**Student:** 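I am attaching a structure below and will ask some questions about it afterwards.
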Amino acid sequence: DARVTQTPRDKVTEMGQEVTMRCQPILGHNTVFWYRQTMMQGLELLAYFRNRAPLDDSGMPKDRFSAEMPDATLATLKIQPSEPRDSAVYFCASGTGTGGYNEQFFGPGTRLTVL
Amino acid sequence: AQSVAQPEDQVNVAEGNPLTVKCTYSVSGNPYLFWYVQYPNRGLQFLLKYITGDNLVKGSYGFEAEFNKSQTSFHLKKPSALVSDSALYFCAVRDFGSGYSTLTFGKGTMLLVSP
């Protein structure tokens, strides 16, 4: 049963520290998404990759967030420096084809708490 | 940009009764509409989608959704609710806001099914 995996599942850190979240998309999927979920804002798209190339990261605060795909089996989302307002659940999702047509498969999420 | 609205934060229904979770959309062009479900501490799971064709779409776990173009709605339905259906439900629409095809999600509706 193919699944998207994310590590860590939970992360507690102090303001100003660097946070790196990792995602392993389902093998063969060529699109990867990073979302952030909060009670206030709901589910927000942060970044979108297709065939490892970043297509859209307009949802990310550029000064502190960065997203990369070093290879087809790994996507990373980095926050440096972290702030309390970054506390949220971060989801990675993968899929095939174009992002708005086919099903997206979500990972279990990383719950980030910045103190 | 395309958008969806879920007018109810929470829907309560008794087990065995029919359920409806509402979604309305605003798009330019043909709408591509989706429903996802999120169980506690889990990522979102795809339920069903409407791209074209029959206005009644059948999906996973006995759920179905009715596309109504004149009312710009895509309500999620199930004839007989189960306690295990209790979860957070998201409506989503294909969006081209960034120039690329992605999904824009609604705020979510919490469904609570009582025994």
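Computed from a predicted model, the values in this text were never measured in an experiment.
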**Student:** For A/E83, look at atom CD and say whether over 12 heavy atoms of other residues, nucleotides or ligands are found less than 6.0 Å away.
**Tutor:** yes
**Student:** Should the heavy atoms of other residues, nucleotides or ligands under 6.0 Å from CZ of A/R64 be counted, would the total exceed 12?
**Tutor:**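 Yes, because the 6.0 Å sphere around CZ of A/R64 holds more than 12 heavy atoms from other groups.
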**Student:** Quick one: pull up CG in A/L45 and CG in B/L103 and give me the separation to the nearest 0.5 Å.
**Tutor:** 9.0 Å
**Student:** What residues form a side chain to side chain contact (heavy atoms under 4.5 Å, CB included) with B/K77, not counting sequence neighbours?
**Tutor:**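 Side chain to side chain contact (heavy atoms under 4.5 Å, CB included) list for B/K77, sorted by chain: B/T20, B/E64, B/E66, B/H75.
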**Student:** Taking CG in A/D63 as the centre, count heavy atoms belonging to other residues, nucleotides or ligands within less than 6.0 Å. Is the count above 12?
**Tutor:**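 Enclosed.
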**Student:** Between A/V4 and A/M69, is there shared hydrophobic-cluster membership here, with clusters defined by ILVMFWY side-chain heavy atoms closer than 4.5 Å?
**Tutor:** no
**Student:** Calculate, to the nearest 0.5 Å, the distance between atoms CD and CZ belonging to B/Q38 and A/F91 respectively.
**Tutor:**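 Here the interatomic distance stands at 4.5 Å.
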**Student:** Would you give the length of the straight line joining atom NZ of B/K107 to atom CD of A/Q41, rounded to the nearest 0.5 angstrom?
**Tutor:** 5.0 Å
**Student:** Would B/F63 end up clustered with B/L56 when hydrophobic side chains under 4.5 Å apart are linked, directly or stepwise?
**Tutor:**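 The answer is no; the residues belong to distinct hydrophobic clusters.
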**Student:** Answer with side chain, backbone, both or neither: which region of B/Q45 has an atom nearer than 4.5 Å to a non-hydrogen atom of chain A?
**Tutor:** neither
**Student:** Is B/V27 reachable from B/L48 through a run of I, L, V, M, F, W or Y residues, each pair having side-chain heavy atoms under 4.5 Å apart?
**Tutor:** yes
**Student:** Flag yes if more than 12 heavy atoms outside A/L115 fall under 6.0 Å of its CG atom; otherwise flag no.
**Tutor:** yes
**Student:** What distance do B/L44 atom CG and A/E103 atom CD have between them, rounded to the nearest 0.5 Å?
**Tutor:**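 With rounding to 0.5 Å, CG (B/L44) is 11.0 Å from CD (A/E103).
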**Student:** For A/M39, is it the side chain, the backbone, both, or neither that has a heavy atom closer than 4.5 Å to a heavy atom of chain B?
**Tutor:**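 Neither part, no heavy atoms under 4.5 Å.
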**Student:** Could you grab the distance from atom CZ of B/F34 to atom CG of A/N102, nearest 0.5 Å is fine?
**Tutor:**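 CG of A/N102 is found 7.5 Å from CZ of B/F34.
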**Student:** So what's closer than 4.5 Å to chain A heavy atoms on B/L33: side chain, backbone, both or neither?
**Tutor:**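 For B/L33, no heavy atom lies under 4.5 Å from chain A.
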**Student:** Say you draw a straight line from CG of B/N41 to CZ of A/R9; how long is it, rounded to the nearest 0.5 Å?
**Tutor:** 7.5 Å
**Student:** Can you tell me which portion of A/Q6 sits under 4.5 Å from chain B's heavy atoms? Options are side chain, backbone, both or neither.
**Tutor:**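 Contact with chain B is absent: no heavy atom of A/Q6 under 4.5 Å.
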**Student:** Give a yes or no on whether the ring-centroid distance for B/F105 and A/Y35 is below 6.0 angstrom.
**Tutor:**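 Yes, they do, as the ring centres are separated by less than 6.0 Å.
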